[in-house]
Amino acid sequence: MADAVFLALTVITIGSAIAALELRSLIYGSIALMGTLGGIAGFFFLLDAPFVALFQLAVYVGSIAVLILFTVMLVKRELIFNKIEDKRRKFAGIGLMMVVMVGLGAVFLDSGIKTITTDEPAVDFRDIGTDFVTYYWPALILMGLILAGSVTGALVLAKREDVENDQRTN
Amino acid sequence: MSSDSEKPVVEAKPEEKPTPAKPTAKPEEKPVELPAFEKGISDKLVEKFGDKVEVDFVKDDRVGIKTSKENVHDVAQFIRDDLHYDHAESVTGVDYPADNEIEVVYHLGSYTESSLARQVLTLSTRAPRESNPIPGQDSTKLPSLRDIFYSVEFGEREVFEMLGVYFDGHPDNRRLLLPEDWADLPPLRKDFAIKGR
Amino acid sequence: MTDIMPPGLALKKVDERIMTLNVGPQHPGSGHMRIVVQIDGDYIVACDPDPGYVHRGEEKMAEYRNYITNVPHLERPVIHDSCNVLYPYVLGAEEILGIEVPERAKYVRVICSELNRCIYTMYWLAIYGIFLGHSTMFMWPAGDRELLIDLMEKVSGARVTHAHFIPGGVRNDLPANFEDVCLRQVNYFEKRIKEYAAVFYDNPILISRTQDTGVLSRENAIRYGTTGSVLRASGVDYDLRVKAPYDVYDELDVHTNVMKEGDSYARSKVPWLDMMESCNIIRQALQKMPKSGSVRTKLKPNPKTKGPATVYKRVESGRGSLGCYIVSDGKTEPYRVKMSVPSFRNLLAMPNLLIGEKLGNMPSVYWSLNYWPVEADR
Amino acid sequence: MGTATGIIRALNSGIKHLAIKRFTLRYPEEKLKFVGDGYQFDPSTGVGIAGLKGRHMLFHDHCTGCQLCSIACEGVAEAIAMVKVPEEQKQNKKSIMPQIDYGKCVFCGLCVDACPFYALYMTNDYELSSFTKEGLIYTPAQLAVKPYLTQDSEIQITDRGATHG
Amino acid sequence: MTNELIDFTLVSVALLGIGIYGLAVKRNFIRMLFAVEIIINAANLSLVAFGRFLPHSGGQTLALFSIAIAAAEVAVGLSLIIVAYRMYQNVDIADFRSLKG
Amino acid sequence: MLEITSTPLILIAILGTVGVILPIISIARKEKGSNSFYAVIAFAALIVSMAYVGYEFINENVAASALFSDDVIVNDAFGGFFAIAMLIVALFTTVGSFNYMRKHNSPAVYYSLILLATIGMILVAYSTDLVMLFVAWELMSIPTYILVGYMKKNPSSNEAALKYFLFGALSSAIIVYGIAISYGLTGSTNIGEVIEGYSTLDPSLLPLALLSVGMFIAGFGFKMGLVPFHQWLPDTYEGAPSPVTALLAAATKKAGFAAAIRIIVLGMVALNLDWTLALGIIAVMTMTIGNVAAIMQKNLSRMLAYSSIAHAGYILIGLAVAPYSSLGLQGSLYQIFNHAVMKGAAFIAIAGIVTTLAVTHIDKLKGLGRRMPITALGMVISLFALAGVPPLSGFWSKLMLFGSALDASTALWWAPWLAIAGVLNSALSLAYYGWITRKMYFEGETEKRVSEPKSIVAVMIFSIIFLVGFGVYPEPLLKFVEFATPVVSLGLMP
Amino acid sequence: MSAIAPKFKLSEFIKSLLDNAFWAVLLASLIGLPIIQIVLFYIEMPVIDGELLTPFLALTWLADPTRSLPILKAFMATDMFRVMAFPGFGFAALIAAGTIFIERKMLAKLQLRVGPFYCGKIEGILQLAGDGLKLISKEIIIPAKADKPIFWAAPVIFVATAAAFVALIPVAPGWVVADIDLGLLGVFAVIGFFPIITILSAWSANSKFPFIGGIRALFQMVSFEIPLILSLLGVVILTGTLNLSEIAASQSSFPWIVFLPVGAIVFFITMLAELERIPFDLPEAESEIVAGWLTEFSGMMYGLVQLGTYLKLYAFAGLFVVLFLGGWNGPMVVPPFPEELLVGVELGPLTVGPFPGLPLFDQEMLNGTLWFVLKTVGVIFFILLPRGVFPRIRIDMLLSLGWTKLIGLAFVNIFIALGLLYAGVLGPGGLQ
Amino acid sequence: MFAFGIAAMAPALIISRMVSPRKRSNPVKFLPMECGQVPSGEGRTHFMMQYYPYILMFVVFDVMAIFLYAWGSALLELPKSATLPMMGFLAIMFGAMAFALYQSGRRRIW
């Protein structure tokens with residue numbers, strides 16, 4: 001059963017990843033990106049990491065995708081559908097992709113992890129919480145600093161400063 | 001007023017007709033005891049402007065002033081600044097095809113002066129009337145009082161569309177009530193007739 | 001002709017952030033008018049009211065009818081306030097026709113006028129409630145309004161378009177036992193509207209939502225020539241019933257409600273206070289009214305005038321001072337009738353108040369101006 | 001904590017109203033009772049008599065065909081037309097009587113005021129709806145019929161609120 | 001677990017390839033952001049997959065950190081896009097030509 | 001368990017607190033506060049942190065280098081060394097921004113972001129766990145994305161930020177991938193355990209291990225500006241505000257080297273044979289391409305950007321030969337320290353020039369030596385130090401680097417070529433440095449002197465003293481570097 | 001009689017009915033029957049009374065009521081039943097329908113009017129069915145230039161997401177569709193989908209008012225998600241689990257609202273906002289933006305969105321009950337199953353039974369369901385009540401309320417929970 | 001359940017589509033809602049920039065909130081000292097939140 005689910009997830013994930021990049025409309029691209037992210041969450045479920053999976057759903061799909069959608073909607077309609085690319089670059093890109101995929105795939109397939117399976121029980125999600133505040137706690141503090149820095153910086157970036165001479169003065 | 005049998009005469013000599021019409025229209029031979037306060041107001045105006053203004057009537061709580069279109073701006077200025085009338089209650093246009101004129105009447109009131117709270121000052125002025133009006137292009141024009149009484153803004157717009165009087169100096173002389181595709185005469189003119197009446 | 005008209009409702013050029021929104025005429029929150037608002041995000045940067053969707057040319061029609069048959073027409077602009085909207089015309093016509101009004105008729109007029117003021121204000125309040133998303137405040141006033149409509153129906157025989165005032169008095173006398181019924185229902189009505197405080201006027205959400213929105217300063221209120229509750233909410237103590245009493249208002253003790261703030265909340269609260277004041281006036285009038293006597297001077301169906309005259313009469317309606325300017329040329333029909341309606345006067349404040357407001361404040365500011373589109377269009 | 005008390009007051013008021021009687025008039029089942037028999041006019045004193053301005057009632061034996069009602073209506077709604085009636089009345093030489101189009105009538109009652117012969121008055125009948133425009137036109141014969149009405153509901157004010165009892 | 005580690009890693013590699021393709025080909029900034037997100041997700045997938053097969057909780061922890069950091073990054077990146085959009089009315093990076101390079 | 005008084009934690013506490021509180025202070029002051037107020041606070045925080053680091057060194061509370069602990073961070077001399085270097089650059093940036101950011105609206109956030117980025121860079125050097133390293137890496141990156149795009153009305157700043165952001169995000173994604181693989185192979189994220197894991201690696205997994213090395217090189221290489229990954233760098237350096245460029249060039253790049261030394265050189269020493277050659281090739285390519293491209297530039301920032309690419313190549317020599325020559329890492333660290341000061345000073349000088357004269361084109365620098373004598377002098381000194389002209393500090397580090405390459409020639413047949421390439425490139429670089437000098441001092445008419453910003457002058461004087469002083473008397477710095485240099489153990493070599 | 005239905009012809013009506021019937025029969029025979037056969041052959045049948053259930057046996061048993069009970073019971077043990085009927089979709093839809101009726105009648109009572117009255121004789125109880133029929137028979141109008149795939153899919157996905165939310169709510173011990181270990185996080189993940197659906201459907205309509213409404217809905221839901229998440233942390237701290245069933249079970253002695261009233265209040269307010277109910281119904285503020293993001297929906301699409309909304313309402317109310325009001329816990333009021341039914345009942349001369357398979361539901365389950373429904377209805381009452389007494393709030397006030405006051409209170413709640421835990425009042429060694 | 005929701009609701013739409021009348025005669029009927037006016041301008045350009053900071057903050061603080069769950073669910077098994085790092089984390093986030101709320105409160109700059 002897991003294999004069927006795995007295959008379905010693979011198709012969804014990779015297909016929607018390609019769609020995210022190739023669909024003409026950026027909105028559909030964003031939706032496809034959500035599909036990719038959701039597919040990854042499905043993989044996390046298969047990997048017995050429900051906490052990460054739900055975190056992925058809540059954070060990636062629930063908030064990052066919303067932010068991306070919102071920004072995409074900001075963009076003018078004609079730009080959403082606009083697509084500038086030349087053929088040569090595209091073929092080069094496909095070549096690069098093939099090289100990466102085949103090369104890395106060959107490396108992975110050649111190496112010893114091909115045979116690795118496990119029967120051990122999965123990690124309890126509470127261990128993650130424990131790790132957070134015991135072993136990794138300086139990283140948690142730094143994480144806080146990252147979030148703080150990014151939100152303050154992003155706000156300062158996004159705000160307008162030319163508003164005083166705008167039409168709002170009546 | 002006069003009957004409408006003289007219409008061709010009106011067309012012939014529009015200049016002379018109005019000037020004799022005005023004194024005849026308002027006889028003031030009966031000096032019944034006029035209310036004192038209202039008389040004071042009209043006296044102040046006459047004192048300031050002399051024969052540029054003409055006192056139409058003086059009744060309880062009502063003073064009527066007539067003036068020509070050249071002076072209406074100054075008179076309104078005086079009324080606002082020295083007589084302390086601070087707002088216009090309405091702007092009315094009345095069409096007088098017989099005189100070939102359109103009268104515009106401003107009813108002015110005051111909120112700030114408590115003694116004037118009962119009073120309404122009627123300031124009227126007249127603009128020449130054209131039988132085939134092209135609003136904004138013909139000579140049916142009056143100076144706008146919007147810079148003196150802000151509250152006349154919509155009233156003047158209404159008079160503009162309903163009677164075709166263009167107000168010079170009005171910032172926003174657009175239609176207000178009529179539909180955008182209205183292509184008939186201004187409807188409150190007397191020669192715009194309701195069907196069947 | 002249209003092509004050489006100054007540009008119609010062409011809007012100014014706007015930049016990309018700004019969206020033009022047609023609020024109305026088919027909009028739950030517009031009434032019979034269109035407000036073209038330009039919004040920048042959540043802020044209104046320009047506002048252009050476009051009335052006229054219910055313009056019927058009442059003034060033009062009045063030029064074709066005699067002084068009596070104008071009565072059913074000229075009460076139409078505000079059918080909820082039909083006595084008050086007819087009142088100045090009737091006063092003016094009486095002066096032109098030279099008729100005296102019996103004393104009892106004046107009291108009946110005052111009672112009808114105050115009842116109509118409450119009826120109108122309740123309707124207004126109901127709409128205000130639904131504009132703010134308060135459905136209960138729609139249903140309660142709409143229901144309690146029935147109490148007064150019932151009274152008016154007993155008096156005049158019609159629920160809304162009473163056609164009750166007529167040059168020379170009122171059409172008919174009060175029905176028997178009316179005083180008791182009126183007193184009972186008005187007392188209950190006053191008790192009811194006092195209950196609105198808990199869910200509406202003292203509701204913290206409503207207060208925080210309407211306070212400090214659409215603030216109309218005292219100077220601007222005078223400058224824009226606003227009237228009625230809008231004016232009184234901005235701190236100007238001006239009520240024609242007190243300042244320039246007509247009929248028998250000078251014999252009654254009328255108290256004017258004035259608030260200083262000039263915001264939407266004050267504008268919405270003043271009519272509510274006025275309703276309580278109306279209840280007082282009705283009780284006084286019922287007490288002082290002559291118990292019997294004629295209510296109507298006899299008049300021909302097509303009366304003759306005394307001669308050319310101009311009359312300008314004002315009364316205090318549910319929305320403010322309502323004037324009627326009648327030019328008579330001596331014929332049986334008026335030469336020109338002009339109604340100076342409070343809604344039209346208050347409309348001028350709207351674009352000035354809405355600029356800079358949030359889009360969410362638009363309904364509350366708009367409706368707090370006591371604007372009645374049908375009346376403004378006439 | 002003005003906000004909290006205000007919110008609690010509002011909720012309390014709302015819950016209290018769950019116990020108050022409904023004000024609704026269930027219209028087809030119950031109908032409002034009106035004052036008197038309808039609006040009438042006394043031409044001798046020139047004052048009307050209070051009553052509902054509903055559908056008209058025409059007294060054929062009083063109507064003289066003088067057209068005063070029609071003239072009065074001309075300025076208002078043009079709802080009244082004078083039509084020929086087959087019957088012969090001695091006071092009505094021309095045998096014309098008013099026919100009223102309720103599609104146009106505004107129920108102002110000025111026609112009643114205009115009638116000097118006590119021939120017209122208005123009844124309490126207000127249920128005039130019809131599927132056709134023709135059904136709204138009432139001939140003199142129809143106007144002569146006195147409507148049968150059962151209207152008995154009145155506003156009652158009790159401790160638990162007002163109702164249409 | 002019926003699936004083997006290699007399956008997940010291959011999916012991850014495929015996603016990595018797609019992401020690199022997107023970065024190389026697309027010139028729309030938002031699309032490039034999509035590509036980067038896809039790469040980050042590929043990395044997370046391989047992290048969790050490795051973590052599952054060890055088994056060890058460190059992989060999931062790092063994946064959590066990585067997702068959180070991606071959130072912060074996206075917030076910053078989209079702010080930058082908004083600034084750029086205000087300036088150029090465009091999101092196409094090929095049209096940003098103020099720097100020669 | 002980690003001691004609460006260990007240096008990195010104290011640094012986090014000081015800088016992080018100030019960094020978080022600065023914006024809040026700006027709220028309290030209704031954002032009316034001037035630029036300098038916040039700059040002074042940030043300056044004080046940096047000085048205090050530096051004093052604390054120095055105090056720990058003097059008290060010898062610092063462990064010997066490259067101690068891999070059981071915790072995510074370790075208080076060792078290697079980290080301390082980098083902390084001092086980063087703090088110096090951060091001080092340069094803070095002081096240099098004094099005038100540069102004067103007209104900007106939100107100075108508080110600017111300085112707060114500089115402090116946060118500084119924490120990130122320092123913690124990269126201190127961390128002994130891949131997770132911690134990654135988080136610190138991001139803490140370094142994300143504020144710098146914002147800082148680069150901070151001049152919102154300047155299109156080039158924004159464009160620079162967009163490019164930097166894309167490549168930065170890509171690099172962090174690749175780093176995560178590398179971490180994933182190495183974590184999968186070794187079963188842990190702690191670098192100490194990673195070393196053990198690699199030394200006992202199943203041979204069948206070796207390709208994967210190399211893949212992870214490649215991923216790391218690529219990931220860190222993006223930040224270091226190594227050659228195949230350097231496209232973003234000139235654009236970003238040109239577009240970014242000059243003080244931020246100083247921070248980028250002198251500090252974040254060094255943080256990349258710190259991470260590379262921790263992970264690649266020390267962590268994956270067991271795989272040394274496979275990555276040294278790669279690093280060597282990249283080093284030669286980087287310095288050659290950097291220098292050649294720099295010659296062709298007309299824009300001062302851009303030229304220095306390419307020069308900084310070239311310097312990444314020099315530093316990489318030390319890393320490439322590190323397993324075989326103890327001088328290698330020493331030289332790298334020495335060069336890193338010098339380069340931090342030199343590049344920092346050079347970019348701050350540019351910031352001074354931009355704020356006063358608003359030019360960056362080289363042709364317009366004519367007569368700068370007379371118009372802004374101190375800035376020009378500082379600039380020239382740092383440029384010559386960059387080139388490695390003898391009496392200056394840069395000379396010794398380069399000498400050590402090339403020496404290490406020669407030293408390793410017994411084990412690596414290609415190592416001397418590195419030294420030769422380095423010397424040739426230094427000569428090449430002297431050409432364009434000399435050209436700038438000529439423009440500044442020997443061309444142009446007599447221009448009047450303009451007033452130089454005092455903050456810039458302070459930085460210049462400090463850097464002149466530093467470069468000349470340690471050039472003449474390099475002994476203390478050498479000792480410090482020697483103390484800080486981790487020892488690469490070759491015991492696990494096959 | 002043109003007034004009623006302009007061009008109504010009985011023959012055409014019958015013809016259309018026949019057409020539909022024909023298509024239904026055709027589809028059933030072409031698709032339905034093969035599906036039934038495939039299902040019968042390939043799905044494993046339960047073993048009942050030692051006999052493998054075959055279609056034939058099942059059909060024979062249907063004729064015997066005593067033997068059909070085991071089939072029913074077996075069916076009730078399947079996932080299909082859970083998803084479709086009891087804790088899942090059917091149950092939720094039933095409660096949603098009840099909610100709509102209660103809302104209308106209660107609001108009418110509060111506003112001194114009657115409410116739905118004529119449809120269904122008794123106080124208009126069939127009004128909802130009438131509305132549903134009306135909606136299903138109305139034309140679906142899709143605006144020109146709308147993004148049709150998204151526009152069509154949005155209502156369906158909205159309902160489906162709401163259904164997914166319903167699936168996480170435990171109704172009685174063991175009676176939950178998806179009993180995942182991290183149920184609470186699952187709730188957050190599901191909630192996160194609603195803003196996306198909203199904004200996408202609003203965008204796809206290509207109209208101004210829906211777009212403004214959609215953006216408002218996005219801001220509102222997104223802003224209140226954080227206080228919502230934070231307000232529930234107190235419960236998680238005290239119980240140490242994210243499984244909703246375990247959380248419900250942990251409140252056997254007293255509900256958490258006793259200790260965490262602040263969190264409960266915050267959660268209640270955020271719930272109102274997430275549900276877009278008055279006073280937080282800004283996305284549908286009809287006096288400002290016509291009907292918000294629902295403006296362009298017509299016919300059954302609108303009906304689906306409403307269904308989804310009420311499913312969501314039920315789910316949130318259920319979540320509140322599970323987290324703060326003790327879920328299914330309550331005194332045992334359901335009488336025990338009459339024993340004599342198990343052995344057979346003597347009805348005068350003849351003996352009926354014994355009925356194998358009885359009881360269908362055990363006593364705990366019935367009791368739990370009863371209490372759960374009672375509490376849920378109570379919560380729904382309090383969700384509906386503000387509609388009668390509050391006006392609509394404004395978007396900036398809403399956002400600042402969510403971001404300042406509610407988040408602050410949520411943190412207060414967290415610290416209360418921590419304090420209770422560390423003071424030893426609750427947690428290990430404490431009361432529970 | 002999600003799938004069942006889709007499976008159950010799609011037929012409702014299909015049935016509705018089959019039952020309901022369809023008249024395509026009037027192009028005005030298919031115009032987007034614009035209060036009776038002919039639509040002008042683009043329907044999708046509106047962008048409430050004033051509240052953008054909230055959505056930006058959401059992305060960041062959502063992460064914070066769910067991080068707290070990782071800690072809160074394991075809290076019963078943790079030593080009391082383990083709360084301190086979380087408090088440090090929260091303190092940093094509070095600082096950022098204060099700044100962000102202040103910025104988002106100043107509507108005029110968005």
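Proteins get letters first, then strands, A, B, ... in listed order; numbering begins at 1 in each. Just so we're clear, the structure is a prediction, and the values are computed from it rather than from any experiment.
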Test item: [X] and [Y] side chains (from C-beta on) under 4.5 Å apart, heavy atoms:
| X | Y | result |
| --- | --- | --- |
| A:Thr10 | E:Leu10 | no |
| E:Val25 | E:Arg31 | no |
| E:Asn44 | A:Phe44 | yes |

Quick one: of [options], who has the most non-hydrogen atom pairs under 4.5 Å with chain A?
| options | answer |
| --- | --- |
| E:Leu15, E:Leu64, E:Leu16 | E:Leu64 |
| E:Ala63, E:Gly77, E:Ser12, E:Ala14 | E:Ala14 |
| E:Thr61, E:Ile69, E:Val76, E:Asn41 | E:Asn41 |
| E:Leu23, E:Val74, E:Ile81 | E:Val74 |
| E:Ile30, E:Leu80, E:Leu33 | E:Ile30 |

Contacting moiety of [X], where chain E heavy atoms sit under 4.5 Å:
| X | value |
| --- | --- |
| A:Ser30 | both |
| A:Leu157 | both |
| A:Val59 | side chain |
| A:Leu9 | neither |
| A:Met143 | side chain |
| A:Ile14 | both |

Can a side-chain donor-acceptor contact be found between [Y] and [X] if the only test is distance below 3.5 angstrom?
| X | Y | value |
| --- | --- | --- |
| A:Asp131 | E:Gln60 | no |
| A:Thr36 | A:Ser16 | yes |
| A:Glu22 | E:Tyr21 | yes |

TODO: Could you check which of A:Ile94, A:Val151, A:Thr130 has the highest count of heavy-atom pairs closer than 4.5 Å to chain E?
DONE: A:Ile94
Task: Option that, when pairs with chain E are counted at under 4.5 Å, heavy atom only, ranks first among A:Ala139, A:Ala92, A:Ser63, A:Gly153 - done: A:Ala139
TODO: Examine distances only and state if a side-chain atom of A:Gln56 and a backbone atom of A:Leu37 form a donor-acceptor pair shorter than 3.5 Å.
DONE: yes
Task: Under the side-chain contact (heavy atoms from CB on, under 4.5 Å) test, residues paired with A:Ala148 that sit two or more places apart - done: H:Ile92, H:Ala96
